[in-house]
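Just below is one structure, and these are the notes that go with it.
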Amino acid sequence: MTRPPYECALPFAEAGYTLTFEAEIDNLANSEIRVRGTLADHRCALAAGWIVRLPTYEIRRASATHLSGTPDILSSALTARLPALRGARVGQGFTRTIGETLGDLPGHTEHLTLATEMARVSLQAFPVPKDDHERFASSVTDMPPGPSRLARMLWERDRADFSTLKNSCFTYRDQSAQLFDERTIEPFDPDMAAPEPGEKRFFWRTKRLRITPHPHTGFHCQHAMDDPFQQMRIAFDIDAEGTIANATSRPGRLPFRGLCEEPHSRTAGLNGLKLGKDFTPPVADRIGGSTGCSHLFDLATDCLRLFTWRE
């Protein structure tokens, strides 16, 4: 019998595996945000809290609490290591910093997953002054009043102020600039990005990852995300040979309706992809990069990381 190219990295419950993540962010009054997150599956649950200084995204305080789980699943020593994140910056190299801080004690993978999700929401929730997008009115002087005009100013602001967004996905790529003149694009409410000082839960996010085993045929994976700006779901099967089939994704709430739907049309490109240890580049080629969606890429690869892949 041929050895299958992958195996589960976690013990699945009889009905499959479910992982949930919830986060809330408060806008503090001193250029800081408070990030609270919870991660849970059938074996354990843990929570973490950060104070993050803006605009550097420096972690000023970090703590963690084990809500459930035996010591062989979540080592109690890990909670004592989290305060050492003080001074670390969310961004490039952060995963390595987390890994070095945690070491390889039981539960370090769960803490790393929670920290990764908290870093993602931190980067999504940058408070700006009310009507801040009007700084870019000069870029829309030839556009008539309407949603596309507002959307273009918000788009210009995001690309200018958050450099990592520029050309990171289909919506924020250079080539999308012309689309504001060719179609109606409805943006998010800009007031959502302008919370009052001290405002609690101005940003929140929930995620639910579900993997269901199919006897003798592989697994069905689905991963959904919901926050004030966007809502989406991706689903696909992995057969016994490690090949993706039946890949679909569905958008709900969108930050730029008229742009953000388009990457979902590429999700079917995952079908037929045979996965291996280095699955990240081929998945990125199909649903990530400047013609795709970074969130769809994260939702898909987060599922794939729950398996151990062979060459």
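Counting from 1, the numbers follow the sequence of the chain as shown. Just so it is clear, the structure is predicted and the values come from calculations on it, not from any experiment.
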Task: Flag side-chain contact, heavy atom, 4.5 Å: Leu273 against Phe279 - done: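 They are not in side-chain contact.
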TODO: State which residues pass salt bridge (charged side-chain N to carboxylate O under 4.0 Å, His left out) with Asp104; sequence neighbours excluded, sorted by chain then number.
DONE: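 With sequence neighbours excluded, Asp104 shows a salt bridge (charged side-chain N to carboxylate O under 4.0 Å, His left out) to no residue whatsoever.
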- [ ] Can you sort out the partners of Arg208 under salt bridge (charged side-chain N to carboxylate O under 4.0 Å, His left out), two or more places apart, ordered by chain and number?
- [x]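 With sequence neighbours excluded, Arg208 shows a salt bridge (charged side-chain N to carboxylate O under 4.0 Å, His left out) to no residue whatsoever.
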How far apart are the closest heavy atoms of [X] and [Y], and which atoms are they?
X	Y	result
Thr171	Ser176	O-CB, 3.5 Å
Ser265	Glu262	OG-O, 2.6 Å
Pro127	Ala125	CD-O, 3.3 Å

Backbone of [Y] reached by a side-chain donor or acceptor of [X] within 3.5 Å:
X	Y	answer
Thr18	Arg210	no
Asn167	Ser290	no
Asn271	Ala247	yes

TODO: Identify, with sequence neighbours excluded, every residue that meets side chain to side chain contact (heavy atoms under 4.5 Å, CB included) alongside Glu32.
DONE: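 Here the qualifying residues are Leu28, Asn30, Ile51, Arg53, Arg60.
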Open item on the list: The criterion is side chain to side chain contact (heavy atoms under 4.5 Å, CB included); which residues satisfy it with Glu156, sequence neighbours excluded?
Closed with: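 Checked Glu156 against side chain to side chain contact (heavy atoms under 4.5 Å, CB included); matches are Phe136, Ser139, Arg152.
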TODO: Assess the pair His111 and His66: is the distance between their ring centroids shorter than 6.0 Å?
DONE: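 Here the rings of His66 and His111 have centres that are less than 6.0 Å from each other.
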Open item on the list: Can you confirm if the aromatic rings of Phe162 and Tyr172 lie within a centre distance of less than 6.0 Å?
Closed with: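 Distance test on ring centres: not under 6.0 Å, no.
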TODO: Identify which one of Phe180, Phe256, Phe188 satisfies the ring-ring contact (aromatic ring centres under 6.0 Å, His included) criterion when paired with Trp155.
DONE: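 Among Phe180, Phe256, Phe188, the one that satisfies the ring-ring contact (aromatic ring centres under 6.0 Å, His included) with Trp155 is Phe180.
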Task: Listed once per pair and sorted, the side chain to side chain donor-acceptor pair (under 3.5 Å) pairs that draw on residues 242-256, sequence neighbours left out - done: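 Those involving residues 242-256 are Asp226-Arg253, Asp237-Asn246, Ser249-His264, Ser249-Thr267.
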- [ ] Kindly write out the residues that satisfy side-chain hydrogen bond (donor to acceptor under 3.5 Å, both in side chains) with Asp181, not counting sequence neighbours, or none if the list is empty.
- [x]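 Per chain and number, Asp181 pairs via side-chain hydrogen bond (donor to acceptor under 3.5 Å, both in side chains) with no residue.
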